[in-house]
There are 2 protein chains.
Amino acid sequence: MGRTSDARERILTAARTLMLSRGYSALGVAEICAAAGVPKGSFYYFFASKEELALAVVEEHWAGQRAEWTRALAGDVPPLRRLRRLYESTEAELRAGRESCGTVTGCLLGNLALELSTRTESVRERLREIFDEQVALVAETVAEARARGEVTVADTGAAARALVAQLEGRVLFAKLYDDPGRLDALWADSLALLGAEESQGAV
Amino acid sequence: MGRTSDARERILTAARTLMLSRGYSALGVAEICAAAGVPKGSFYYFFASKEELALAVVEEHWAGQRAEWTRALAGDVPPLRRLRRLYESTEAELRAGRESCGTVTGCLLGNLALELSTRTESVRERLREIFDEQVALVAETVAEARARGEVTVADTGAAARALVAQLEGRVLFAKLYDDPGRLDALWADSLALLGAEESQGAV
């Protein structure tokens, strides 16, 4: 069982790395198995199809990212400071990814949203739920900031959707221009989208 | 020559439609030729590789889109009204695409930016130039609005990058949720990002 679970984990890790750098369609099962160092038979022992693997990769990726988002947005400092911490952590992740892959690979969930939405309903469905969850996490923080009179938005859900869209748009350009610094402006963008003062959420 | 140029055009049209709905990696040359109704030999008469085809598709797509952006941003009405017209035209295009393809296929350039940036340097390079051009077109309009005292941004280039990122982010979610209405909020987002009054750019 020890070796078996290890093989599943190695397939997931290899698939995640390959999907980040090359996308989903360009990958074959044989290549994933070679990168993971497991025989092809093992793959089909754990996953019925490449689609099922993609769902598992998304699940594992979001589990890690959700933990990071929850940590960043946890209530030990004022709400806007926490939002800023989320952006800092996202930019740090892009920088770390660039160190290890040699290029900004972007947001796995955003990449797959554009690559697979029109083709794989199960992945699209799961990505919708995940982005809904991201919006809910941000909306909660925005609601706290509004209760403190720090932001002026009328609809915290709508404001959170604007912030998450801005984040994904900025990450797209960070990837295209291979420059994590494209996220530097995210904080100013967000203050503007929230109708907040420049002085809010200062470090 | 008449028939020959027609074949090239048919390959480009088929490739553009297929790339919008399924991405680049999932496509094969044989499939493109079948959709275009041309023999495979014709393909290699016009294009040395699938990469070269992708560049030609990007070129043709941007030529059409640039004409649309230039028309929308042309100076017959106040600048913010023109910016709004650009969003309306983008949303109308997503709606029309949904009518013909059955689903929102999003922005071909944004799709390819995420799918190919880390893999195909020639496409990445061209997409960078195109998005730089989009930012420049928007920045010009923002500068006009600033000269009229309608927006308060300090750096029009930075403001334009924020607007184009917001546009790409919103289009990503329009595709994921198969809902062109996700662009409805773009106008309010943009007024906030520009530090403009809600009353600006009204229809």
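Note that the coordinates shown come from a computational prediction; the quantities given were computed from them, not determined experimentally. Labels below follow one simple rule: chain letters A, B, ... track the order of the sequence lines, proteins then strands, and each chain is numbered from 1. Side chains included, hydrogens not; waters and symmetry mates left out as well; all remaining heavy atoms used.
Within the 4.5 angstrom heavy-atom criterion, atoms from both the backbone and the side chain of A:V164 approach chain B. Proximity to chain B involves both the backbone and the side chain of A:A162, based on heavy atoms less than 4.5 angstrom apart. In this structure, chain B has no heavy atom under 4.5 Å from any part of A:D184. With a 4.5 Å cut-off on non-hydrogen atoms, A:Y24 does not touch chain B at all. For A:R124, the parts lying under 4.5 angstrom from a heavy atom of chain B are both the backbone and the side chain. Only the side chain of A:R182 comes within less than 4.5 Å of a heavy atom in chain B; its backbone stays farther off. Heavy atoms closer than 4.5 Å to chain B are found in the side chain of A:F173, but not in its backbone. Residue contact with chain A, scored on non-hydrogen atoms closer than 4.5 Å, is absent for B:A185.
Top candidate by heavy-atom pairs under 4.5 Å with chain A, chosen from B:G195, B:A165, B:A158, B:G169, is B:A165. Heavy-atom pairs under 4.5 Å with chain A were tallied for B:E115, B:R161, B:E125; the largest tally goes to B:R161. Counting heavy-atom pairs closer than 4.5 Å to chain A, the top-ranked of the candidates B:L116, B:D132, B:L194 is B:D132. Among B:E168, B:R119, B:Q166, B:R22, the residue making the largest number of heavy-atom pairs under 4.5 Å with chain A is B:Q166. Counting heavy-atom pairs closer than 4.5 Å to chain B, the top residue among A:N111, A:L193, A:T103 is A:L193.
Here the shortest heavy-atom pairing between B:L114 and A:G110 reads CD1-O, 3.7 Å. The nearest pair of heavy atoms linking B:T118 to A:S21 is OG1-O, 2.6 Å.
Considering only heavy atoms from C-beta on, B:R128 comes within 4.5 Å of A:D178 through its side chain.
Taking A:Y87 as the reference, nothing meets the ring-ring contact (aromatic ring centres under 6.0 Å, His included) condition, with sequence neighbours excluded.
Note that OG of A:S117 and CG of B:L172 are 7.5 Å apart. Values are rounded to the nearest 0.5 Å.
More than 12 heavy atoms of other residues, nucleotides or ligands sit less than 6.0 Å from atom CD of A:E129.
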